[in-house]
Amino acid sequence: MLVGYRATLDSLKCDIYAAAVRTLANALVEELRAALGADAVIAEPHQLVVYECDAYTLERHLPDAVVLPRSTDEVVTAVRIAARHQRAIIPRGAGTSLSGAVLAVDGGVVIGTARMNRVLEVDARNRRALVEAGCVNADISAAARPYGLHFAPDPSSQGACTVGGNVAMNSGGPHTLKYGVTTNHVLGLELVLPDGEVVWLGATRESGDDVEGYDLRGVVVGSEGMFGVVTRVLVKLVPVPPAWRTMLAIFPGVDEASRAVSAIIAAGIVPAALEMMDQLITQAVEEAYRFGFPSDAGAVLIIELDGLEAGLERQAERVRTLCREHGAREVRHARTEGERAELWKCRKRAFGAIGRLSPSFLTQDGVVPRSALPEIMRHIRAVSEKYGLRIPNVFHAGDGNIHPLVLFDERDPDQVRRAVAAGNEILEHCLALGGSVTGEHGIGVEKIDFMERQFRTADLEAMRAVRRVFDPVGRCNPHKMFPGSKRCADFQVRKQAAA
Amino acid sequence: MMQHFVDDFVVTVGADVRLSELQRVLAPHRQWLPLDPPGDPTIGELIEQNLSGPRRFGYGTVRDYLLGIRVRLLNGSEIRSGGRVVKNVAGYDLGKLFVGARGRLGTVREATFKLRPLPEAEAVVGAELPDWRAVAELLDAIWRAPLMPVVVDVVSPRRVVVGVAGSTEEVAWQKEQLAALGLTQPATLDYNRPLPQRASVAPSRLVTTLSELHAEEFVARAGNGWIEYRGGRTLPMPASAPAWLQARLEAALR
């Protein structure tokens, strides 16, 4: 009932309400400090600013407090205190989400997992690792490397993002083309429900890969932190492929490169990764990192094959031939592990190079059937011209997962309006082509309005019902995912401007 | 009822279609759904019983290929989840809930799968071993070798079966490696038949478990810790979640 009432508040009341809550929050903060120690609780406004948003910066809001527990028990303590005060809890890893998934829309207690960052066990014999939720993605592979194993999901933010965040968002990365996304690599997990109950879901250290019963672990992965706080994860490790061929194919334009992607896939080759960068992004990356990309290339593909050495060269030759047949003017290859790492560093830091092109950018994340790549790339060009905004592209081409980066200047309201409209128009077209509005960044607060486009009422009702299984009162990471969620004052203004 | 998006390596298929029928349609395009359960289940049975076969070590299981699903819930409403693109995180991943649910949450009507290219070549080799210790040693040697097998099975009474797949070169090279480990006998997967009982143990405990099981017949997926068997002891099957939480899920979707 209270939730329904809040939803009816207009933007002004929203602010007043927030101020009143702040006073009440003092009691909450005191109780958290008493239970967890002063150093585990952040509540000073100037410190809370760090937690006002994630990597989606168009909407911001301060939580009442941030707690940094050291153990599952401390998470339980914090969750129970927040429950008594009827405040929202918002699980947070490294805050690298791109859809506002950890935004404290209505305040509440952010549960940060930064201090729960250990690899608890590498079980090389069973090819598994037990890690705490705050463990950084890349740290798992670093711990597994001495055994010739690694954790396959490799989002570009892997040096910072946490496995808990990966679980929440079902994160992908370049190499998920062959190896799958986070859900394919999570065997089991420990979850603190919003009432403080601790449950283990999925396979255990003692079991095999399959267990009997409903796969609740499977639905927690990708639930965007709305089912509870993930505290420990049992992940699958896979052997580091003994051999690789990493190629850089240079094309006159995006059209040719897109057709080459389709041809490689259709030829029955499963590359480990197949990434595209268009001319704008290639130039920016070249300026930033001096890799040696030709500045006049219309598009480049990074193609990685891996596996056993036997037969790999023949497959690489086939890829080179297909690239040339589709207009590649040159296909280079990484000769050493160092060159290969350098190439991937450029790709993974591409977003960072955008600062050279524009003061602000909106990262979009849509998916189309792979065969529709040429069509969606043409559409993006048309949208770019229509709105008078540059839209560089760097994306997981093999998956049909596009990342148009809409460049704009945040200080110019008209540009903000155009950027949002351009992004939306691209996503509309992804849906029209049979795709999805998000391949890996999630719905969060950013794409709530698209949920009713992609799903029907019955589908959304089923999702809401499943959420209530874990969180009957909707206190964990509220105001995300579902249409009708509350938004705060300044966002309403911007939405109007964008309309 | 089938729609094959050939260039996308994606297929949408009705629940009553048999797996063999699906594979027959895909094969001329050098594609397949890389799931090989015993018998010839329908797509509905494949999903609802989460069936798998010998090649699961290399290719994974139903949940790894299911992109989208259409289900009729027990309350009569029909829902869809996912879609027909290979990467998609819009909304919760409800499809996972119906994999292995044995129809208790609803009836699967249609599913969309991602597909894989048919391997250029495949080879299966085996060895009969005198005792469990030899089985354990051979498995350890396989795990240590630089191989990428798709099948690593232990079959009653004490046979180890290994399958490799991929390009002709990688299959030939791996066959040599396996021969060096004593796996020289050509073998088949003809032991892939339905067995009534199931057990799940950490792969490292597999051989010990099998040696104490006293089953009349078994097949065990050594890399997955999955045993299907008949007769012998009844092993407890670990649960995927606390019973009360599973009951809540049943109530929520009713």
Side-chain angles (χ1 to χ4, degrees), chain A residues 125-126 169-170 172 180-181 183-184 199 201-202 204-216 218-219 221-223 242 262 265-266 268 270 307-308 310-311 314-315 367-371 399-401 434-440 442-443 451 454-455 458-459 462-463 465-466 468-469, chain B residues 5 7-10 30 50 60-61 63-64 73 77-81 83-94 96-97 99-101 105 116-118 143 146 148 166-170 172-174 200-205 224-226 237-242 245-246 248-249 252-253:
Chain A
R125 171 63 188 81
N126 288 312
M169 308 310 286
N170 193 12
V181 292
T183 194
N184 308 109
V199 294
L201 306 176
T204 67
R205 289 156 78 193
E206 291 78 34
S207 79
D209 294 352
D210 287 356
V211 284
E212 180 67 33
Y214 303 123
D215 185 7
L216 289 165
V219 78
V221 179
S223 63
S262 287
I265 299 287
V270 186
L308 298 168
R314 178 166 62 95
Q315 209 175 45
V367 195
V368 295
R370 296 180 262 224
S371 56
D399 287 321
N401 185 187
S436 171
V437 296
T438 173
E440 49 185 18
I443 298 293
M451 284 297 278
Q454 196 164 335
F455 296 101
D459 312 336
M463 287 183 205
V466 170
R468 285 193 294 272
V469 170
Chain B
F5 304 97
D7 290 345
D8 297 325
F9 277 70
V10 168
R30 303 286 309 152
N50 189 20
T61 57
R63 73 191 304 281
D64 298 308
L73 298 181
S77 75
E78 193 164 281
I79 63 157
R80 289 163 203 262
S81 174
R84 70 168 180 95
V85 282
V86 294
K87 227 160 142 192
N88 188 357
V89 294
Y92 303 143
D93 191 359
L94 299 187
K96 297 281 188 293
L97 293 176
V99 177
L105 299 176
R116 288 266 155 172
L118 273 171
W143 300 137
M148 303 192 128
S167 68
T168 44
E169 296 94 330
E170 61 187 326
W173 185 82
Q174 292 192 89
S200 174
V201 296
S204 56
R205 287 182 45 226
N224 306 102
W226 184 248
M237 185 68 172
S240 65
L245 197 60
Q246 297 198 52
R248 262 205 225 169
L249 176 67
L253 292 180

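Judged by distance alone, the side chains of B/D7 and A/S371 never bring a donor and an acceptor atom under 3.5 Å apart.
Among the candidates B/S81, B/A252, B/G60, B/G100, the residue making the largest number of heavy-atom pairs closer than 4.5 Å to chain A is B/A252. In terms of heavy-atom pairs under 4.5 angstrom with chain A, the leader among B/S77, B/P242, B/A172 is B/P242. Most heavy-atom pairs under 4.5 Å with chain A, from the set B/R63, B/R248, B/R30: that is B/R63. In terms of non-hydrogen atom pairs under 4.5 Å with chain B, the most contact-rich of A/G439, A/G218, A/G400 is A/G439. Between chain A and the residues B/S240, B/G225, B/P238, the largest count of heavy-atom pairs under 4.5 Å involves B/S240. Of the residues considered (B/G83, B/S204, B/A241), B/S204 shows the highest number of contacts with chain A, using heavy-atom pairs under 4.5 Å. In terms of heavy-atom pairs under 4.5 Å with chain A, the best-connected choice from B/G166, B/A101, B/S167, B/G91 is B/G91.
Interface residue A/S223: backbone and side-chain heavy atoms are both found under 4.5 Å from chain B. If you measure heavy-atom distances from A/V181 to chain B, the contacts under 4.5 Å come from the side chain alone. Looking at B/P146, only its backbone comes within 4.5 Å of chain A, counting heavy atoms on both sides. The contact between A/Q454 and chain B is made entirely by side chain atoms (from C-beta outward), counting heavy-atom distances below 4.5 Å. At a 4.5 Å heavy-atom cutoff, the contact between B/R80 and chain A is made by backbone and side-chain atoms alike. Residue A/T183 touches chain B through both its backbone and its side chain, counting heavy-atom pairs closer than 4.5 Å.
Annotation for B/E78 and A/A458: closest pair O-CB, 3.7 Å, computed over non-hydrogen atoms. Minimum interatomic distance between B/Y92 and A/M463 (heavy atoms only, all atoms of both residues): CE1-O, 3.3 Å. Residue B/L249 comes nearest to A/V469 through the heavy atom pair CA-CG2, 3.7 Å, listed as atom of the first residue, atom of the second, then distance. Of all non-hydrogen atoms in B/V85 and A/P369, the two that sit nearest each other are CG1-N, 3.4 Å. Considering all non-hydrogen atoms of both residues, B/P117 and A/G268 come closest at CG-O, 3.1 Å. Among all heavy-atom pairs drawn from A/V221 and B/D93, the shortest one is O-CB, 4.3 Å.
Every residue was checked against the side chain to side chain donor-acceptor pair (under 3.5 Å) condition with A/R468, not counting sequence neighbours, and none meets it.
Of the inter-residue distances, the one linking B/K87 atom NZ with A/R370 atom CZ reads 11.0 Å to the nearest 0.5 angstrom. In this structure, the separation between CG on A/N401 and CG on B/N88 is 9.5 Å, given to the nearest 0.5 Å. To the nearest 0.5 Å, atom CG of residue A/N126 and atom CH2 of residue B/W143 are 10.0 Å apart. Put simply, OG1 on B/T168 and CZ on A/R314 are 4.5 Å apart, with the number rounded to the nearest 0.5 Å. Taken from OG in A/S436 to CZ in B/R84, the straight-line distance is 12.0 Å, to the nearest 0.5 Å. With rounding to the nearest 0.5 angstrom, the CG atom of A/L308 is 11.0 Å from the CD atom of B/E169.
Without hydrogens or angle criteria, A/D459 side chain to B/I79 main chain gives no donor-acceptor distance under 3.5 Å. Side chain of B/R116 to main chain of A/V270: no donor-acceptor pair is present (N/O by atom type, distance under 3.5 Å, no hydrogens or angles). When atom types are taken as modelled, the side chain of B/Q246 and the backbone of A/Y214 share a donor-acceptor pair closer than 3.5 angstrom.
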Item to check | side-chain contact (heavy atoms from CB on, under 4.5 Å) between B/V89 and A/N170, intermediate numbers included | outcome: CA-CA 7 Å; B/V89 294; A/N170 193 12; 3.9 Å; yes
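Within the 4.5 Å cutoff, the side chain of A/P242 has heavy atoms near those of the B/M148 side chain.
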